[in-house]
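All chains are named by letter (A, B, ...) in the order of the sequence lines, taking the proteins before the strands, and each is independently numbered beginning at 1. This one's a predicted model, so the numbers in the text were calculated from it and none came from an experiment.
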Protein chains: 2
Amino acid sequence: MRRMPALTQEQRRAETRRRLLDAARVVVADRGLAGASVDAVAEAAERTSGALYDHFGGKSGLVIALLDEWKDATARAIQADLAEAVDGRARLESMWRNFAEPPSEEAADWTLLEHELWLHACRQPEVTPLAAQRYAGIRRRLADAVSAGVFGPSDGIDDAEVVATLLIGLMVGLEMQRRLDPDAVSDALAVAGLEALTGP
Amino acid sequence: MRRMPALTQEQRRAETRRRLLDAARVVVADRGLAGASVDAVAEAAERTSGALYDHFGGKSGLVIALLDEWKDATARAIQADLAEAVDGRARLESMWRNFAEPPSEEAADWTLLEHELWLHACRQPEVTPLAAQRYAGIRRRLADAVSAGVFGPSDGIDDAEVVATLLIGLMVGLEMQRRLDPDAVSDALAVAGLEALTGP
DNA sequence: GTCTATAGATTGATAGAC
DNA sequence: GTCTATCAATCTATAGAC
C-alpha cells in the first residue's frame with residue numbers, strides 16, 4: 001500500500017521526461033531549435049510548459065538533454081550497423097544505408113537534428129565539449145572496427161582513427177547533398193567513396 | 001544637373017542593398033536564421049527595418065537573396081582555388097585550406113551559413129531547388145577540373161562527377177568535425193583523404 | 001508533479017510622415 | 001527611399017492553485 005504509489009510516481013515522471021524528449025526531437029527537427037518554443041514542445045508531448053520547466057529547468061536544459069540523447073542514439077546505431085553484415089563491403093553498405101536512409105522516423109529526425117545541434121554547439125561554447133565528445137566517441141568506435149579489420153585489411157591510410165574520421169566526414173557530407181538532390185548521390189557512389197577511404 | 005542625382009539615387013539604393021546583405025550574412029552566421037530578427041539585421045546595416053522591407057519585401061525575401069549570394073560566393077571561391085596552385089596535390093591542399101581555414105572573416109561566416117541555409121532549404125520546399133542548384137553548380141565546376149586532370153590522372157573512380165561529389169562531401173564533413181575539435185582533423189589527414197578519392 | 005494565469009520582452013509586419 | 005510609430009502575435013519564464 002505504500003510502495004506502489006511511490007513507484008508509480010517515479011514511472012510517471014520518467015514517462016513525462018521521455019515524452020518531452022521525444023517531442024523535442026520531433027519539433028526541433030521540424031521547426032529548428034530557435035523555432036521550437038517551449039509551449040510547442042510541451043504541447044506535442046501532451047504536457048504543459050510547467051512540466052518542462054520542472055524537468056529541465058528551461059529551454060537550454062532541454063537542449064543539453066537532447067544533446068546527450070543524440071550522443072547515445074548515435075553510439076547505439078553504429079554498434080548495430082557493425083554487427084549486421086558479414087564482409088567489409090557489406091558493412092560499408094549497411095552503415096551508409098542506415099545513415100542516409102534511416103529505417104525509422106526517429107532516425108530520420110536525428111539527421112536534421114545533427115546539423116541543428118551542431119550549429120548550436122558551434123555557437124554556444126559551454127556545450128561545444130558535449131558535441132565534440134559525441135564525435136570523438138563515434139570516431140573511437142569506428143576506429144576500433146577499422147583496426148579489427150571489419151572493413152577489410154587497411155593497406156592504404158594506415159592509422160585507424162584517421163580512416164574513421166574520413167569515413168564519418170564523407171558520410172555526413174554526402175548525406176547533405178543527397179537531402180537536396182537524391183539523384184546526385186547514389187548508394188553505389190557513396191559505397192565506392194567509402195571503399196576508396198578504407199583501403200587500396 | 002539631371003543625370004547626377006538619378007545616378008546617385010541608384011548608387012545609394014545599391015549601397016543599401018549591399019549593406020543589408022552583408023549585415024544579414026554576419027548576423028545570421030552569429031545568431032542563426034531564426035535568431036536574426038529583421039530589426040537586428042537592419043540595425044547592423046545602419047538602416048531601419050523599413051529599408052529592408054522595401055528592398056526584400058520581408059524576411060523570407062532576404063533569405064532568398066542570401067541564398068543567391070551564397071551560390072555566387074562559392075562559385076567564385078572554387079574558381080579562385082583551382083587557379084592558385086600548380087600540381088595536383090597542391091591544388092587539393094589549397095582547396096582544403098581555403099575551405100577549412102578561410103582567409104577572410106566573410107568566408108568564415110559562409111561556413112556557418114552553409115549549414116544554416118542548408119537546414120532552411122531542407123525545410124522549405126520552395127527554396128530547396130535554389131540550394132540544390134548551388135551544390136550542382138559546385139559539382140559541375142569541380143567535375144570539369146577533375147576531367148581536365150588538374151588533380152592528377154584519375155585512374156581509380158573514373159566518373160569525374162562522382163569524384164567531385166565525393167570531394168565536396170568529404171570536405172564538408174571534415175570541416176564539421178574540425179569546428180568542434182580542431183585537433184581531430186589535421187590538414188594532412190584531410191589532404192590524404194582527398195587524395196584517396198581522386199586517384200589510385 | 002502538473003496545471004492555469006500572467007508578466008515582460010521581442011517578434012514580423014504595416015501605415016503614414018517626410 | 002527611408003524613417004517613426006504602432007499593432008497583434010508569440011516567446012521565455014515565473015507564481016501560485018491543486
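- Within a 6.0 Å sphere centred on CZ of A:Arg17, heavy atoms belonging to other residues, nucleotides or ligands number 12 at most.
- Between D:dT10 and A:Ser37, no contact under 4.0 Å exists linking OP1 or OP2 to a side-chain N or O.
- A distance-only check finds no donor-acceptor pair linking the side chain of B:Gln177 to the backbone of B:Val185 [under 3.5 Å].
- For A:Ala51, whose side chain is taken as the heavy atoms from C-beta onward, the closest listed nucleotide among C:dT2, D:dC3, D:dT12 is C:dT2.
- The phosphate of D:dT12 has neither OP1 nor OP2 within less than 4.0 Å of any side-chain N or O from A:Ser49.
- Counting to the nearest Å, the P atom of D:dT2 and the CZ atom of B:Arg47 are 7 Å from each other.
- When the nucleotides D:dA13, C:dT2, D:dC3 are ranked by their closest atom to the side chain of A:Tyr53, D:dA13 comes out on top.
- As rounded to whole Å, 17 Å separates atom C1' of C:dT2 from atom CZ of A:Arg17.
- Looking at the side chain of B:Asp54, the nearest of the listed nucleotides D:dT2, D:dA13, C:dT2 is D:dT2.
- We find the CG-CH2 distance between B:Leu67 and B:Trp118 to be 13.5 Å, quoted to the nearest 0.5 Å.
- In this structure, the CG atom of B:Leu62 is 11 Å from the P atom of C:dG12, given to the nearest Å.
- Within the 3.5 Å criterion, the main-chain N or O of A:Glu101 finds no donor-acceptor partner in the side chain of A:Arg178.
- When the P atom of D:dT14 is taken as reference, atom CG of A:Asp39 falls 14 Å away, rounded to whole Å.
- B:Arg19 has its CZ atom 14 Å from the C1' atom of D:dT2, to the nearest Å.
- More than 12 heavy atoms of other residues, nucleotides or ligands sit less than 6.0 Å from atom CZ of A:Arg19.
- Remark: P of D:dT4 and CG of B:Leu52 are 15 Å apart, rounded to the nearest angstrom.
- Where B:Gly50 and B:Lys59 meet DNA chain C, the nucleotide closest to each residue was compared, and B:Lys59 sits on the side nearer the 5' end.
- Rounded to whole angstrom, the span from the CZ atom of B:Phe56 across to the C1' atom of D:dT2 amounts to 15 Å.
- Atoms NE2 (A:His55) and P (D:dT14) sit 17 Å apart, rounded to a whole Å.
- The shortest distance between the side-chain N/O atoms of B:Thr48 and the OP1/OP2 oxygens of D:dC3 is below 4.0 Å.
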